[in-house]
Amino acid sequence: MKISLGCDHAGFQLKAAVVEHLRSLGCEVIDHGCHSAEAVDFPDIARLVCQAVLNGEAERGIMVCGTGVGASIAANKIPGIRAAVCHDYHSAHQSVEHDDVNIMCIGAQIVGAWLAKDLIASFVQATFSTEEQFRRRVEKLAVLEREAAQYLKP
């Protein structure tokens with residue numbers, strides 16, 4: 001699986017462990033930065049991570065920031081992206097299985113490298129359920145997204 005990966009300066013230290021673990025799981029990593037502990041704006045990185053998923057360059061994305069919250073907010077502004085903050089094993093797989101999440105956001109200040117590895121494995125190995133109820137709900141999310149776009153038209 002190809003994973004589009006990004007972090008801000010708060011997630012930079014954890015990113016090395018994330019890359020190593022993804023590769024150990026057989027994933028190819030597309031690293032969108034940041035590449036140092038210098039301050040960056042997470043929306044800029046989120047845009048790159050999400051664009052790679054939307055254009056088919058990667059199957060899913062992972063964002064690492066301080067809490068995961070800012071990255072999730074930024075990612076969810078992009079049509080076609082369903083991002084979730086995941087700080088527990090259950091959320092990491094169920095967000096994919098039930099909600100077809102394509103971007104997982106984790107907080108480097110919330111989880112350590114050992115838990116991040118469990119979250120990543122759970123996220124990467126999960127698949128979207130074929131059950132009608134989950135497919136119907138995700139389609140309703142897409143409808144909400146399209147309707148919201150209409151509100152923004154002049």
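Position 1 is the first residue of the sequence; numbering continues from there. Note that the coordinates shown come from a computational prediction; the quantities given were computed from them, not determined experimentally. Because only heavy atoms are used, hydrogens play no part in the values below, and waters and symmetry mates are left out as well, while side chains stay in.
Put simply, the side chain of Leu25 reaches to within 4.5 Å of the side chain of Gln125, judged on heavy atoms. Side-chain contact check for Val69 versus Cys105: every heavy-atom pair is 4.5 Å or farther apart. The closest side-chain heavy-atom distance from Ile106 to Val85 is not below 4.5 Å. Ile120 is listed as a side-chain neighbour of Met104, based on a closest heavy-atom distance under 4.5 Å. Side chains of Cys50 and Ile103 form a contact here, defined as non-hydrogen atoms less than 4.5 Å apart. For the pair Val143 and Glu147, the minimum side-chain heavy-atom distance is below 4.5 Å. Annotation: side chain of Leu54 is in contact with side chain of Ile78 (closest heavy-atom distance under 4.5 Å).
Remark: side-chain polar atoms of His98 are not paired, donor with acceptor, to backbone N or O of Phe134 under 3.5 angstrom. Distance alone, capped at 3.5 Å, is enough to place a donor-acceptor pair between the Asn55 side chain and the Glu57 backbone. A donor-acceptor contact shorter than 3.5 Å is absent between the side chain of His9 and the backbone of Cys65. In terms of modelled atom types and a separation under 3.5 Å, the side chain of Asn102 and the main chain of Gly80 share a donor-acceptor contact. Looking at Arg135, its side chain does come within 3.5 Å of a backbone N or O of Ser129 through a donor-acceptor pair. The backbone N or O of Ile3 lies less than 3.5 Å from no partner atom in the side chain of Arg60, so there is not a single donor-acceptor pair. Proximity of a side-chain donor or acceptor of Gln109 to a complementary backbone N or O of Thr67 within less than 3.5 Å is not detected. Distance alone, capped at 3.5 Å, places no donor-acceptor pair between the Ser4 side chain and the Gly61 backbone. A donor-acceptor pair under 3.5 Å links the side-chain atoms of Ser122 to the main chain of His93, judged by distance alone. Between the side chain of Asp41 and the backbone N or O of Asp44 there is no donor-acceptor pair closer than 3.5 Å.
Leu115 and Phe123 fall within a single hydrophobic cluster, where Ile, Leu, Val, Met, Phe, Trp and Tyr are joined by side-chain heavy atoms under 4.5 Å apart, directly or via other members. No continuous path of ILVMFWY side-chain contacts below 4.5 Å connects Val19 to Val49, so the two sit in separate hydrophobic clusters. Note on Val96 and Tyr89: separate hydrophobic clusters, where clusters join Ile, Leu, Val, Met, Phe, Trp and Tyr whose side-chain heavy atoms are under 4.5 Å apart, directly or indirectly.
For the atom pair Glu59 CD and Glu28 CD, the distance stands at 9.5 Å (nearest 0.5 Å). Of the inter-residue distances, the one linking Arg47 atom CZ with Lys77 atom NZ reads 13.0 Å to the nearest 0.5 angstrom. Distance CD/Glu20 to OG/Ser24: 7.0 Å, rounded to 0.5 Å. Distance check: Leu5 CG to Met63 CE gives 8.5 Å after rounding to the nearest 0.5 Å. Expressed to the nearest 0.5 Å, how far CG of Asp100 lies from CG of Leu141 amounts to 9.5 Å. Between the CD1 atom in Ile110 and the CG atom in Leu14 there is a gap of 11.5 Å [rounded to 0.5 Å].
Considering Asp8, Val29, Asp31, Ile62 as possible partners of Lys15, the one that fulfils the side-chain contact (heavy atoms from CB on, under 4.5 Å) test is Asp31.
Heavy-atom minimum distance, Ser95 versus Cys86: OG-SG, 3.9 Å. Among all heavy-atom pairs drawn from Cys7 and Phe12, the shortest one is SG-CA, 3.7 Å.
Residues in residues 105-134 take part in these salt bridge (charged side-chain N to carboxylate O under 4.0 Å, His left out) pairs, two or more places apart or across chains: Glu132-Arg136.
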Item to check | Verdict with reasoning, Val124 to Cys27, per side-chain contact (heavy atoms from CB on, under 4.5 Å) | outcome: CA-CA 9 Å; Val124 167; Cys27 295; 3.7 Å; yes
Next on the checklist: As a quick check of understanding, evaluate side-chain contact (heavy atoms from CB on, under 4.5 Å) for His21 and Val18, giving each step before the final call.
Outcome noted: CA-CA 5 Å; His21 189 61; Val18 169; 6.0 Å; no
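In this structure, Asp99 does not pair ionically with Arg82, as no charged nitrogen and carboxylate oxygen lie closer than 4.0 Å.
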